[in-house]
There are 2 protein chains.
Amino acid sequence: MGINERKERNKQEMRKQILSTAMKLFLEEGFQNVSIRRIADNIEYSPATIYLYFKDKDDILFALHNAGFEELYKRQQEILAIKDPKKRLRKHGEVYIKFALENPEYYNLMFIMRGPAKKIVESEEWNVGMRSYDLFKRDVEASMRAGIIKKSDIDVATFAMWSLAHGVVSLILRNRCTMMDPKDLPSIAQKAFEYIMKNIGISP
Amino acid sequence: MGINERKERNKQEMRKQILSTAMKLFLEEGFQNVSIRRIADNIEYSPATIYLYFKDKDDILFALHNAGFEELYKRQQEILAIKDPKKRLRKHGEVYIKFALENPEYYNLMFIMRGPAKKIVESEEWNVGMRSYDLFKRDVEASMRAGIIKKSDIDVATFAMWSLAHGVVSLILRNRCTMMDPKDLPSIAQKAFEYIMKNIGISP
DNA sequence: TCATTTAGTGAACATAGTTCAATTTACGAA
DNA sequence: TTCGTAAATTGAACTATGTTCACTAAATGA
């Protein structure tokens, strides 16, 4: 019965190849240049073959979106080693912003593009984004319990801080910060986050 | 010389007709269904005609994006009547969030989509978005001068608050808030903004 | 009335995503 | 080794997109 296993392995390998090629195109030439046909060209198969491994293009985007969340989650988990809730919460924001600016195409898929989100709603599948959200929420909760930030609705506070970080990076990624010098943007992004955190009670 | 004027009038009318049709399609069926061909169909001209009035599709999106900023600016100006800087600043955020959630397609064009932003950078044209930004920035400045919020870099503070509001609404508009009940979103959006503002010193 | 400028268009090009009948390849049984 | 079946792959087609351009139709001014 080793044959079926090999076939399954091949199938998974093909999926991986498609995904890594799609990601490569994404990184090299941006979203608009990732077409099924170009992916097919790259892996030297016909476009129709892609459809044997993925239902449609959004399915590919969704898979990449999941890979992005894996990477983010990994970085988030490294933060857990920090014991001081205050430092941990700050670090959380810092890591999030850094991840976004260093991996704009992933971030795009994970938090901005519509395609992947459609799949989340459709598939009702357990959402990898939730895992990251919960991890952050637990940090917010810990800071509240420790009396570092004022007690209030945890979901509102978590959402507010997430929104802040997301707002900062998505305005930058979508080129809405023409009033600032492009080279200063990463630093301003961190400063803007710090500014609010400091006011909330998360001083450096 | 009335003939040239009439021609110019007609030309402007045609532009308006194209834009309003594009916007209608936008509102009725979302971005992906606004094609040059569908606009042409709707105004009963050939697709090629559109190109006599607009350089390309992004040019149409850019024009709509500008119309969106006109509407936002109008709403912002109404806030100026409020004399208390604290109330004014809060109101500013409230209006922004309300505008975004009530006009998702406009907001999309103004702050999320890539097409219009490309035109801003290309055209080097004075940016209507700047006008709105400056108005808000002046509010932040006034609050700092009045000692309501702590003095610090004005641009960082302005950007931070803008980011917060943008983050809140863009996460909602792009369906990233599956952890919350959809019907609560407008209220949560306002609450999240309030939460941060309260902590900054802009209490209700 | 007629030449010239202007407005508008049909047809074509390149590129998309997607489907499906037809073909090639791999496999297990005889 | 041969052969029928099942699986994998694909070429070609369909629909739809943005865009261009040689052409036609209409308006204008002499």
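Labels below follow one simple rule: chain letters A, B, ... track the order of the sequence lines, proteins then strands, and each chain is numbered from 1. None of these values were measured; they are calculated from a predicted model.
- Look at CD on A:Gln12: it is 13 Å from P on D:dA8, rounded to the nearest Å.
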task: Encode nucleotides 10-19 of chain D as B, S and - characters from 5' to 3', where the letter depends on protein heavy atoms closer than 4.0 Å: B to the base, S only to sugar-phosphate, - to neither.
output: BB-B---BBB
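- Taking atom CD1 of residue B:Ile18 and atom C1' of nucleotide C:dG8, one finds them 12 Å apart after rounding to whole Å.
- Contact annotation for B:Phe54: no contact, since no heavy-atom pair falls under 4.0 Å across all strands.
- Ion pairing between B:Glu13 and B:Lys16 fails under the 4.0 Å rule for side-chain N and carboxylate O.
- When ring centroids are compared, A:Phe111 and A:Phe69 come within the 6.0 Å threshold.
- One atom, CD1 of A:Ile60, and another, C1' of C:dA16, lie 14 Å apart when rounded to the nearest Å.
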Output side-chain donor-acceptor pairs under 3.5 Å for residues 92-102 of chain B, partner residues at least two apart or in another chain, one line each.
{"unit_1": "B:His92", "atom_1": "ND1", "unit_2": "B:Asp139", "atom_2": "OD2", "d": "3.0"}
{"unit_1": "B:His92", "atom_1": "NE2", "unit_2": "B:Gln76", "atom_2": "NE2", "d": "2.9"}
{"unit_1": "B:Tyr96", "atom_1": "OH", "unit_2": "B:Tyr107", "atom_2": "OH", "d": "2.7"}
{"unit_1": "B:Tyr96", "atom_1": "OH", "unit_2": "B:Trp162", "atom_2": "NE1", "d": "3.0"}
{"unit_1": "B:Lys98", "atom_1": "NZ", "unit_2": "B:Glu102", "atom_2": "OE2", "d": "3.0"}
{"unit_1": "B:Glu102", "atom_1": "OE1", "unit_2": "B:Arg75", "atom_2": "NH1", "d": "3.3"}

For residues 29-36 of chain B, please give each side-chain donor-acceptor pair under 3.5 Å, one per line with the distance, not counting sequence neighbours.
{"unit_1": "B:Glu29", "atom_1": "OE1", "unit_2": "B:Arg38", "atom_2": "NH2", "d": "3.2"}
{"unit_1": "B:Glu29", "atom_1": "OE2", "unit_2": "B:Arg38", "atom_2": "NH2", "d": "2.5"}
{"unit_1": "B:Asn33", "atom_1": "ND2", "unit_2": "B:Glu29", "atom_2": "O", "d": "2.9"}
{"unit_1": "B:Ser35", "atom_1": "OG", "unit_2": "B:Arg38", "atom_2": "N", "d": "3.0"}

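- For the side chain to side chain donor-acceptor pair (under 3.5 Å) condition, the pairs that include at least one residue of residues 181-191 of chain B, sequence neighbours left out, are B:Asp181-B:Lys183.
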Mind listing the side-chain donor-acceptor pairs of residues 39-49 of chain A below 3.5 Å, one per line with the distance, residues two or more places apart or on another chain?
{"unit_1": "A:Asn42", "atom_1": "OD1", "unit_2": "A:Lys24", "atom_2": "NZ", "d": "2.9"}
{"unit_1": "A:Ser46", "atom_1": "OG", "unit_2": "A:Ala48", "atom_2": "N", "d": "3.1"}
{"unit_1": "A:Thr49", "atom_1": "OG1", "unit_2": "A:Ser46", "atom_2": "O", "d": "3.3"}

task: Walk me through it: do B:Arg174 and A:Met113 pass the test side-chain contact (heavy atoms from CB on, under 4.5 Å)?
output: CA-CA 7 Å; B:Arg174 289 304 171 100; A:Met113 283 182 57; 5.5 Å; no
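- Ion pairing of A:Asp58 with A:Lys119 is absent here, as no side-chain N (NZ or NE/NH1/NH2) approaches a carboxylate O to less than 4.0 Å.
- The interatomic distance linking A:Lys11 (NZ) with C:dT25 (P) rounds to 19 Å, in whole Å.
- To the nearest angstrom, C1' of D:dT28 lies 14 Å from CG of B:Asn10.
- Of the residues in residues 19-30 of chain B, none lies under 4.0 Å from DNA chain C by heavy-atom distance.
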